[in-house]
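Shown next, in structure tokens, is the structure this report addresses.
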Amino acid sequence: MDSLQNLESDPNLWVYKGALLYLLERPEEAKSQFERTLASDRSNFWAMYNLALVEYDLGNKLKAAEIFLKTREINNRMYLGELMAAVIYEELGMIDKALRHYDIALRNIAFRNEEIREWMEELRGD
């Protein structure tokens, strides 16, 4: 990967390297690759999404939720970020925020709708 980066200055190479480092369970190194990509290209969706995964794994759950929500600023049809943020907010006990983002996900994605409805009903106590 490093030799490719010396030949070509495509920020996606940093994303690929970060993904490999993440899979090798080296989250801090992966994080630096995703941040490097975003410093060069703020609209790199996969760098943003993967950074959120790394932050979650590092225990920075609130930060991860915020980054997942930022993925929609890059790709306004990517409502998976809303769902991921909702799950994290629920885990953190931020029920109102969780419900708000579950609702957005429910209205805009075509999968897991029945599960999302059940999760929302459980949180509301319905």
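Note: hydrogens, waters and symmetry copies are ignored here, and every other heavy atom, side chains too, is used.
At least one side-chain heavy atom of Leu62 sits under 4.5 Å from a side-chain heavy atom of Met94. Two residues are said to be in side-chain contact when any heavy atoms from C-beta on lie closer than 4.5 Å; Phe34 and Val54 meet this criterion.
The hydrophobic cluster containing Met78 also contains Phe111, counting ILVMFWY residues as joined when their side-chain heavy atoms lie under 4.5 angstrom apart, directly or transitively.
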Verdict with supporting geometry, Leu123 and Glu90, side chain to side chain contact (heavy atoms under 4.5 Å, CB included): CA-CA 8 Å; Leu123 283 176; Glu90 179 181 355; 3.7 Å; yes
Go through the steps for Tyr56 and Leu53 under the test side chain to side chain contact (heavy atoms under 4.5 Å, CB included), then give the verdict. CA-CA 5 Å; Tyr56 183 87; Leu53 291 174; 5.8 Å; no
Just do the side chain to side chain contact (heavy atoms under 4.5 Å, CB included) check on Glu28 and Leu58 with the steps written out, would you? CA-CA 8 Å; Glu28 289 290 346; Leu58 291 172; 3.7 Å; yes
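Rounded to the nearest 0.5 angstrom, Lys17 NZ and Arg36 CZ are separated by 7.0 Å. Here CG of Leu20 is found 12.0 Å from CD of Glu29. Values are rounded to the nearest 0.5 Å. Summarising the geometry, atom CG belonging to Asp10 is positioned 9.0 Å from atom CG belonging to Asp41; distances are rounded to the nearest 0.5 Å. The distance from the CG atom of Leu38 to the CH2 atom of Trp46 is 13.5 Å, given to the nearest 0.5 Å. Atom CG of Leu21 sits about 15.0 Å away from atom OH of Tyr16, to the nearest 0.5 Å. A distance of 11.5 Å separates CZ of Arg107 from CD1 of Ile116, quoted to the nearest 0.5 Å.
The minimum heavy-atom distance linking Ile74 with Arg42 is given by the pair CD1-O, 3.5 Å. The minimum heavy-atom distance linking Ala65 with Ala85 is given by the pair O-CB, 3.8 Å. Residues Ala52 and Ala64 come closest through the heavy atom pair O-CB, 3.4 Å. Of all heavy-atom pairs between Ile109 and Asn113, the closest is O-OD1, 3.1 Å. The heavy-atom pair separating Leu69 from Gly81 by the smallest distance is CD2-O, 4.1 Å. The two atoms that bring Ala47 and Val15 nearest to each other are CB-CG2, 3.8 Å, heavy atoms only.
Sorted by first and then second residue, the salt bridge (charged side-chain N to carboxylate O under 4.0 Å, His left out) pairs with a member in residues 54-63 read Lys31-Glu55, Glu55-Lys63, Lys61-Glu91; sequence neighbours excluded. Residue pairs meeting the ring pair (Phe, Tyr, Trp, His ring centres under 6.0 Å) criterion with at least one partner in residues 83-102, sequence neighbours excluded, are Tyr89-His101, Tyr102-Trp119.
Note on Asp96 versus Arg100: no salt bridge recorded, every NZ/NE/NH1/NH2 to OD/OE distance being 4.0 Å or above. We find that Lys70 and Glu73 are not joined by a salt bridge, their nearest charged nitrogen and carboxylate oxygen being 4.0 Å or further apart.
Just one residue in the list Thr37, Thr71, Asn75 forms a side-chain contact (heavy atoms from CB on, under 4.5 Å) with Met48, and that residue is Thr71.
Counting non-hydrogen atoms of other residues, nucleotides and ligands closer than 6.0 Å to CD of Glu25 gives a total of 12 or fewer.
Phe68 meets the ring pair (Phe, Tyr, Trp, His ring centres under 6.0 Å) test with Tyr49; sequence neighbours excluded.
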